[in-house]
Structures are given as structure tokens and as C-alpha cells.
Amino acid sequence: MSRSDFRRIQVIDSHTGGEPTRVVMAGGPDLGQGSLAERRAVFRERFDTFRSAVINEPRGSDVLVGALLCEPVDPSCVAGVIYFNNVGYLGMCGHGTIGVVVTLAHLGRIGPGQYRLETPVGVATVQYAGGNEVTIENVPSYCHRTSVKVDVAGLGAFVGDVAWGGNWFFLCGDHRETLDLANVERLTDVTWQIRQALKQQGITGTNGQEIDHIELFGPPRDPSAHSRNFVLCPGKVYDRSPCGTGTSAKLACLYREGVLAPGQVWRQESIIGSIFEGSVRLDGEKIIPRITGSAYICAESTLILDPNDPFALGIRA
Ligand code: PYC
């Protein structure tokens, strides 16, 4: 076996409000020419080991979100992107989109301007002024159900909203938890139990889609913020950023409640204190969330998969 048998994958790592994104620049699988949703299905069915190799230990970590750049179907889009994590695939990813834009700018592939990015759940528009800050106009978001009660054994009832922001969320401000970084183990445990209870009690998004993100809200520390959150992602890790799709889901619910007017600013603080600034605009009946945040480049690397390495495809359960 020689070094030429090594598989090489070029990645650029960034973080958005503390939440990491690993953009695959070269060495990714050929997913064909279908829609982004079809290509995500091919990724899942035929190349899931690639996902695990890029994200899981020993080359990655549970908290990483991967972004595979693809040729877009829609020629008005600058790129297509499929997001993935330690356990599977995401619809859209807000912090990841901010990371992708800053990564493309870092490489000189884009300059200041407005761009469209295709994802498996629709097209997001991004505005980039240069530097680290990016504004996303996310896919249309909506509140599916309000005041949904879920009973969690040993913890009692939690009442929240079920909403779509590019992924499915249970949004809950009615809880007994303290949203403090020192408390993340407990918060992870509680939100994981809420997720299991939602599933057991048949509480889903539209068409029976699983609610795989749980978001708790509480008072902010930063006086300029409106709220602090803790977001549990599908792979049982918490979002270090305020979560772009979670903030989008929250904005859609605030608009529906009449608490947030179009254009009114909502500053969402994460459990580590990073902030996304959000607002909504209306496109006919559709609620389009706008999220602004900043990403920073952390590394340009080549991942190496040695065919003799027993953990080349990642450590998996
Ligand atoms: O920012 O949308 C987001 C996100 C989803 C999962 C992790 N981050």
C-alpha cells in the first residue's frame, strides 16, 4: 500500500457564533445531476461513510456540521449545498450558510454582493458586504402548531410550538430550566427526553416529519438581546450558535403571534452568548426570515483516509 492509495479530501473549517462548519471543497462523492433533495438521498444511501469520515472522530467531532458544495440545478444560484452532521443530513443550516459564504469569499470565489444558494429544501438568498458578516434570507418558515403539550416522564409537561425554519423545531419557553453554559449536560438530557417524548406521543411536523431539533428559550444576558436559547441538534449535541433555522422558526412564530412586525429586529442570543440578528419580511403569504451573523475561518486542511486505517471512515456506534 503506498501513499497514492490515500484518499484526500480538502476542507475549510470556520465557525459561526462558535458553531463549526466544515466545507468540503474537493474529494467529495459524485451525487449525480438530480435535484438537491435527490442528491441528498444518493448521499445518504450510497456515500454515508463519506459523511462519517468527514464529521466523526478521529478527523472531526460530534459538533461539526459538514457542507458539501455541489453544482446547482438552478443556474441563478452560485452553488448548491448539502448539510450533514454526526448522525445524518439537514434540510437547511443557517450558521452553516454563513460559514459557506465566508469560506467562498476567503477563497476569492465571491466578492461583496447578493447570491442565491440551493439546498435540498429550497433556495436561500445571501447578502455579503465583505468581511465576516453575512445576512441570509432563509427558505419560507412557518409555525405549524401552537401551545402543544408534551408529557415527559419524571420531568412533567412542556408546552411549546412546532415550527419549520428549514428543519423541524419544538420551541419552548415554558420550562423550569436555567439556560446557563454550566448547565449544558442537564439541558442536553432534558431536551433529548423532550425529543423522545414528542416521537412517542406522535407529535410531528407536517406529513409526519420528525421534530429533531428542540429549542428552549429564556431571558438574555446581553441587554441588547431579546432572548437566549439552548438548541439541541439531531445528534444530541447543542448548537453553539443561536441556530439560524431555529431562529427562523422562532421568528415565524413571533410573527404569527403578532409580537413581531415585518422588519422589526429580534436579537437571539445563544447559550454561549453569540448573537444572530433576525427579522421577517413577507412575500405574499410566505414568511421569509432574515438572519445576520458572522463567521471566521479556522483552518484549511486536507483530510487523509488511509485504507489501512481501521477508523478511516470515522468512529461509529
Ligand atoms: O444554524 O440552522 C442552523 C443549525 C442547524 C443545526 C446546527 N445549526
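Read the numbers this way: they start at 1 and go in the same order the structure lists the ligands and their atoms. It should be emphasised that the depicted structure is a prediction, and the values quoted were computed from it without experimental measurement.
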Next item on the list: Would you confirm whether the ring centroid of His175 sits within less than 6.0 angstrom of the ring centroid of Phe158?
Entry: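 No; His175 has its ring centre 6.0 Å or more from that of Phe158.
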
Margin query: I need the atoms of ligand 1 closer than 4.0 Å to a non-hydrogen atom of Gly244, numbered in the order shown.
Written below: 1 (O), 2 (O), 3 (C)

Margin query: Show me which atoms of ligand 1 lie under 4.0 Å from any heavy atom of Thr245.
Written below: 2 (O), 3 (C), 5 (C)

Donor-acceptor check, side chain of [X] to backbone of [Y], threshold 3.5 angstrom: yes or no?
X      : Y      : value
Gln201 : Asp151 : yes
Asp306 : Asn308 : yes
Gln10  : Val24  : no

Heteroatom proximity flag, [X] to ligand 1, N/O under 3.5 Å:
X      : answer
Gly94  : yes
His213 : no
His95  : yes

Check: Closest heavy-atom contact between Ala163 and Cys143?
Finding: CB-CA, 3.9 Å

Margin query: Quick test: of every protein heavy atom, which one is nearest to atom 7 (C) of ligand 1, and how far off is it to 0.1 Å?
Written below: Asp239 OD2, 3.2 Å

